[in-house]
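Here's the structure, in structure tokens; my notes come after.
In each ligand, atom 1 is the first atom listed, and ligand 1 is the first ligand listed. Small disclaimer: the values here were computed from a predicted structure and weren't measured.
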Amino acid sequence: MTRQIKIFDTTLRDGEQCPGASLNPEEKLDIARQLAKLGVDAIEAGFAIASPGDFDSIKQIAQQIKGPIICSLARAKKEDIKSAWEAIKYSDRPRIHVFLATSPIHMEKKLRMTPVQVLATTKEMVAYAKSLCNDIEFSAEDAGRSEPAFLYKVVAAAIEAGASTINIPDTVGYNTPWEFGKLIENVIANVPQIKTNNVTISVHCHNDLGMAAVNSLAAIKAGANQVECTINGIGERAGNASLEEVVMTLKTRRDYFDCSTGINTKEIYRTSRMVSNLTGLLVQPNKAIVGANAFAHESGIHQAGMLRDKLTYEIMLPEDIGLTESRLVLGKHSGRNAFADKLKEMGYNLTEDNLEKAFTSFKQLADMKKEVGEADLAAIVSEEINIVPETFKIELIEVCSGTERKPSAKVKLQYKNSTTVETAEGAGPVDAVYRAIDKITRLKPNLVDYIIQAITGGTDAQGEVTVRLKEGEQVYVGHGASTDIILASAKAYVAAINRMIFLQAQNQAKGLD
Ligand code: KIV
Ligand code: ZN
């Protein structure tokens, strides 16, 4: 009989631990809403004790997102477990996820605990969590490098203390699929409490050797029925198992795994774009399932085969992940209603204000670009959603550059009802524009990333620029799209500066700074 595999998404917890991926509470809420639409079984919304900001956003998600289980991570410590409960208790389906390391190196060097202490703490802390919340998951951190016999004892103890999900992580991405599958098989065979208590066996694999998704699949084959994963595979170091890879493998190779999930795969592409936009972590073009080239066929032989029968080179359809062809959808004569209807059809629900701004951007684009496709519209929307107040607004950008002159720029920005003009020279036109902007804003943010990519093919394609600015530990992302790449660069930079000003003011008001 086909087995149902539960999908536990940890984009907002392990994914957010990825360097530079920090999200603000509104962004986390938007992602959680989209994850619910995607159909995940559980959302790990954060690590409540980690910071007041994390606590608040878990609480908001627990209060507002209906459907999936809402979970917070907690170390095996009373204060962590209490804080996790306080944040998730508003959910209809709360879960506390308690973790404690079981490998010799983690116990000795990190925890400075003996195996006997780890066993006792597991019992005590799982029982404490159970006294607060009915749904408890326990993770034996670094299980992939633990002594099997000790791991079985800890797993049995956690179940007897009340855990209904046992998670077996390959924390450092060290295992091979053969070893990891065997480990899961052995845990199930050696801990009778798993069967008698109908416990869910979960896996959580990291990608240090590029095997996170395949290790998760080997574990499923061996009997695991929950997979912990993240959108686009983001996460600590090389990341976690990517949700889209695990889910699409189960769907495409149903003949081999005989397993299904509750994921609405048509939401995968949109979720991937959203996570990439909000974190500023771009998806590599050759990334399986959601990369720009995942469904592109370049070689003549492949194209000829595809024309005869798509199945010659395509094992799944782009439509299955919600990727519709970037065909001409609207033109320069399309009106506001047609524009709004098209966005609705694509699944976007913009406020009146944002719709108006998006429509203005669309009209400007349609004047410059012959064909406006869905990818263009998605780029416009990603500029308009989650927009923060425009403290600085671009009024004019002019650049001079070329082989015979030092690049220079003139920039006019609006700030509170007045405008300021500045000029600057730079190493290139973008550098000159950014220097002129810095003169006006009197800020000198640390630019850690500048990424430009074409949204569609053709020389009239829009360029989409993503920049990431860093101040302290906080990263601020900005996007800009235009057929003029210098303007797109300026828009992205100013958007990130506006976001930085807005979020810093918000944090100050909340006393979080
Ligand atoms: O990688 C890991 O072991 C974890 C645990 C906290 C589940 O993220
Ligand atoms: Zn992890």
Side-chain angles (χ1 to χ4, degrees), residues 6-19 21 40-50 54 58 69 71-77 80-81 83-84 87-88 95-107 109-111 113 118 121-122 125-126 129 135-146 150-151 154-155 158 163-175 179-180 183-184 187 199-213 215-216 219 224 226-243 245-246 281:
K6 295 174 203 160
I7 300 297
F8 175 109
D9 182 277
T10 182
T11 305
L12 297 177
R13 199 279 296 169
D14 218 327
E16 214 227 359
Q17 279 172 227
C18 177
V40 303
D41 297 276
I43 296 175
E44 185 158 58
F47 190 0
I49 197 127
D54 235 28
I58 299 171
I69 290 166
C71 170
S72 167
L73 185 66
R75 287 169 300 182
K77 291 176 187 261
D80 278 42
I81 294 170
S83 169
I88 55 158
R95 173 181 292 181
I96 301 176
H97 178 187
V98 181
F99 76 101
L100 188 60
T102 51
S103 66
I105 185 167
H106 276 226
M107 289 190 289
K109 299 279 176 6
K110 185 183 79 168
L111 299 174
M113 285 168 88
V118 165
T121 306
T122 302
M125 290 302 121
V126 171
D135 184 350
I136 304 301
E137 171 166 333
F138 175 77
S139 281
E141 191 189 10
D142 206 16
R145 292 190 299 170
S146 300
F150 179 62
L151 181 63
V154 174
V155 167
S164 44
T165 301
I166 293 292
N167 186 38
I168 306 292
D170 179 18
T171 302
V172 289
Y174 177 75
N175 284 219
E179 286 167 315
F180 199 62
L183 175 66
I184 299 306
V187 169
V199 166
T200 296
I201 290 295
S202 169
V203 289
H204 175 115
C205 298
H206 278 271
N207 208 28
D208 299 66
L209 293 171
M211 292 190 282
N215 279 345
S216 307
Q226 174 176 291
V227 172
E228 302 200 352
C229 43
T230 60
I231 301 296
N232 300 336
I234 63 170
E236 190 78 36
R237 305 181 310 279
N240 289 62
S242 117
L243 180 147
E245 290 173 20
V246 173
L281 298 173

Side chain to side chain donor-acceptor pair (under 3.5 Å) assessment of D14 paired with N240: CA-CA 8 Å; D14 218 327; N240 289 62; 3.2 Å; yes
For the Zn ion (ligand 2), the closest N/O/S atom belonging to H206: NE2
Structural part of H106 in contact with ligand 1, heavy atom criterion under 4.0 angstrom: neither
Proximal ligand 1 atoms for E141, defined as those under 4.0 Å from one of its heavy atoms: 3 (O)
Inter-residue atom distance T10.OG1 - I234.CD1, 0.5 Å rounding: 9.5 Å
Nearest candidate to atom 5 (C) of ligand 1, where distance is taken over non-hydrogen atoms, out of E44, R13, R75: R13
NZ/NE/NH1/NH2 to OD/OE distance under 4.0 Å, E228 and R13: no
Atom 3 (O) of ligand 1: nearest protein contact (heavy atom, Å): T171 OG1, 2.6 Å
Protein residue, atom and distance nearest to atom 4 (C) of ligand 1, heavy-atom basis: H204 NE2, 3.4 Å
Closest protein heavy atom to atom 7 (C) of ligand 1, given as residue, atom name and distance to 0.1 Å: S139 OG, 3.6 Å
K77/D80 salt bridge by N-O under 4.0 Å criterion: no
Numbered atoms of ligand 1 (with element) below 4.0 Å of H206, judged on heavy atoms: 1 (O)
Residue pair N167, S202: steps toward the side chain to side chain donor-acceptor pair (under 3.5 Å) verdict: CA-CA 4 Å; N167 186 38; S202 169; 2.8 Å; yes
Metal-centred angle, OD2 of D14 through the Zn ion (ligand 2) to NE2 of H204, rounded to 10 degrees: 90°
Inter-residue atom distance D170.CG - N175.CG, 0.5 Å rounding: 4.0 Å
Side-chain touch F138/V155, heavy atoms, less than 4.5 angstrom: no
Numbered atoms and elements of ligand 1 in range of P169, under 4.0 angstrom, heavy atoms: 3 (O)
